[in-house]
Amino acid sequence: MLHILYCIYQILVFIPLLIVSTIVTAIIVIVGTMVGNAEYWGYYPGKWWGRFVLWTLLIPVKVEGRENLKKGQSYVFVSNHQGSFDIFIIFGYLCRNFKWMMKRQLKKMPFVGYACAKSNQIFVDKSGPSKIKQTYDKARDILRHGTSVVVFPEGARTFTGHMGKFRRGAFMLADELGLPVAPITINGSFNIMPRTKDWHFVRWHRLSLTIHKPIDPIGSGADNINNAMEKSYDAIMSALVPEYQGYVANPDQ
């Protein structure tokens, strides 16, 4: 009975509020970046949008590990990618000014894609070597100016709730700039809306965000990249709930 009532609530309340709040947030970002600081307007409206979405769905959020981050330090944040709701919890509750590294296909989304472009989010373009270079040049410029970036090193959402393989790009970027890598574990997003059920009703479930101790560089080059990648993978895996422990291949990686 509660599940039925929750579905009715989504139809009558949540979905209209989601559409309106997304459009309003996108417009605020677009206008704000035209008249003001893209670093500010590219983050804070999204932060409150992420929180609003989760509040509206009555989803409780638990955050651990914020004390592990230093004020004023740039990080390359790397997270497991359980589902669409990863966006809301990271935007709403990481509480660090950052830019997303996101698939370039998202640039085509009405309102949202243009807002992301205006706010200097980083679209990952793999269509050729020159495009890949442009992507990482932009990321380097952002990190040099004190902002952090958030990357899903699996490259795609999981089909099973388990983690797949990590790609090296985020760790190579951190290595080049001598920055610490900060691993993040998300739990609950897969339970709320699995990838196989996009556009279905949301299932109520708790969300948690665990911010692990950052991994400082141990030098530069291949050893540093491998060290950061392996330690990040182990840290993120260690905080996953037992149901999703262990590696499972992701077919579209």
Side-chain angles (χ1 to χ4, degrees), residues 50 54 59-70 73-96 98-103 122 124 139 143 148-175 177 179-195 205-218 222-253:
L54 297 179
I59 292 174
V61 174
K62 180 180 180 180
V63 181
E64 296 180 307
R66 283 206 195 104
E67 68 279 3
N68 291 324
L69 304 178
K70 294 179 182 178
Q73 171 69 56
S74 293
Y75 293 100
V76 176
F77 289 99
V78 293
S79 173
N80 62 316
H81 204 0
Q82 280 207 334
S84 301
F85 278 73
D86 299 344
I87 307 300
F88 302 123
I89 190 171
I90 291 177
F91 233 155
Y93 292 91
L94 182 58
C95 294
R96 303 286 292 203
F98 68 87
K99 301 296 182 188
W100 294 100
M101 290 190 75
M102 58 179 65
K103 292 181 177 180
I122 305 162
V124 180
L143 285 162
S148 297
V149 296
V150 173
V151 186
F152 296 114
E154 292 169 272
R157 289 173 292 158
T158 176
F159 282 99
T160 63
H162 296 261
M163 283 206 299
K165 295 183 293 185
F166 276 5
R167 298 177 179 179
R168 296 169 62 86
F171 307 97
M172 292 170 67
L173 180 64
D175 173 70
L177 296 177
L179 291 175
V181 175
I184 300 170
T185 302
I186 294 173
N187 280 298
S189 181
F190 183 78
N191 302 82
I192 290 172
M193 186 173 286
R195 183 174 178 179
H205 197 280
R206 297 177 183 275
L207 271 174
S208 71
L209 181 73
T210 303
I211 304 166
H212 300 276
K213 290 183 179 180
I215 300 159
D216 291 319
I218 58 168
D223 288 344
N224 182 49
I225 293 168
N226 292 334
N227 177 71
M229 187 162 63
E230 290 169 9
K231 286 186 176 178
S232 295
Y233 196 94
D234 291 344
I236 295 170
M237 182 71 76
S238 72
L240 282 172
V241 296
E243 181 181 0
Y244 300 125
Q245 287 278 335
Y247 165 78
V248 173
N250 195 352
D252 68 347
Q253 281 196 318

> Mind checking whether Phe171 and Phe166 have parallel, tilted or perpendicular rings, split at 30° and 60°?
parallel
> Considering residues, nucleotides and ligands other than Arg206, do more than 12 of their heavy atoms fall under 6.0 Å from its CZ?
no
> For residues Ser189 and Leu207, determine if any side-chain heavy atom of one lies less than 4.5 Å from a side-chain heavy atom of the other.
yes
> Taking C-beta and beyond as the side chain, do Arg168 and Asn226 meet within less than 4.5 Å on heavy atoms?
yes
> Hey, could you give me the CG/CZ distance between Leu54 and Phe91, rounded to the nearest 0.5 Å?
12.5 Å
> I want to know whether Phe85 and Phe190 have ring centres closer than 6.0 Å.
no
> State, to 0.1 Å, how close Arg167 and Glu154 come at their nearest heavy-atom pair, and which atoms those are.
NE-O, 4.1 Å
> Please name the pair of heavy atoms, one in Thr158 and one in Arg195, separated by the smallest distance, quoted to 0.1 Å.
O-CB, 3.6 Å
> Roughly how far apart are Leu209 CG and Ser79 OG, rounded to 0.5 Å?
7.5 Å
> For Phe77 and Tyr75, take the angle between the two ring planes, folded into 0 to 90°, and tell me which bin it lands in: parallel under 30, tilted 30 to 60, perpendicular over 60.
tilted
> Give me the one residue out of Asn80, Ile90, Val78 that meets side-chain contact (heavy atoms from CB on, under 4.5 Å) with Phe152.
Ile90
> Taking the side chain as everything from C-beta on, heavy atoms only, tell me whether Lys165 gets closer than 4.5 Å to Tyr233.
no
> Would you say the side chains of Ser84 and Arg157 form a donor-acceptor pair under 3.5 Å?
yes
> Distance check, rounded to the nearest 0.5 Å: Glu67 atom CD versus Lys213 atom NZ?
9.0 Å
> Closest approach of Lys70 and Arg96, non-hydrogen atoms and distance?
O-NH2, 2.8 Å
> Just wondering, do Leu94 and Ile184 contact through their side chains at under 4.5 Å, heavy atoms?
yes
> To the nearest 0.5 Å, how far apart are NZ in Lys231 and CD1 in Ile236?
14.5 Å
> Counting N and O atoms only, with roles assigned by atom type, does the side chain of His162 sit under 3.5 Å from a partner on the main chain of Gly246, one being a donor and the other an acceptor?
yes
> Mind checking whether Leu240 and Met237 have side chains closer than 4.5 Å, heavy atoms only?
yes
> Search all heavy atoms of Ser232 against all heavy atoms of Val181 and return the closest pair with its distance.
OG-CG1, 3.4 Å
> Can you confirm whether Met229 sits close enough to Pro153 that some side-chain heavy atom of one is under 4.5 Å from a side-chain heavy atom of the other?
no
> Do the side chain of His212 and the main chain of Ala235 share a donor and acceptor less than 3.5 angstrom apart?
yes
> Mind checking the CE-CD1 spacing from Met172 to Ile225? Nearest 0.5 Å is all I need.
5.5 Å
> At their closest point, which heavy atom of Pro180 faces which heavy atom of Gln73, and how far apart are they?
CD-NE2, 3.5 Å
> Could you grab the distance from atom CG of Asp86 to atom NE2 of His81, nearest 0.5 Å is fine?
5.5 Å
> Quick one: closest heavy-atom pair of Val76 and Ala174, and the distance?
CG2-CB, 3.8 Å
> Counting C-beta onward and ignoring hydrogens, is there a side-chain heavy-atom pair between Asn227 and Ile215 closer than 4.5 Å?
yes
> Any chance CG of Asp223 has more than 12 other-residue heavy atoms, nucleotides or ligands included, within less than 6.0 Å?
no
> Quick one: does Phe88's side chain get under 4.5 Å of Tyr93's, heavy atoms only?
no
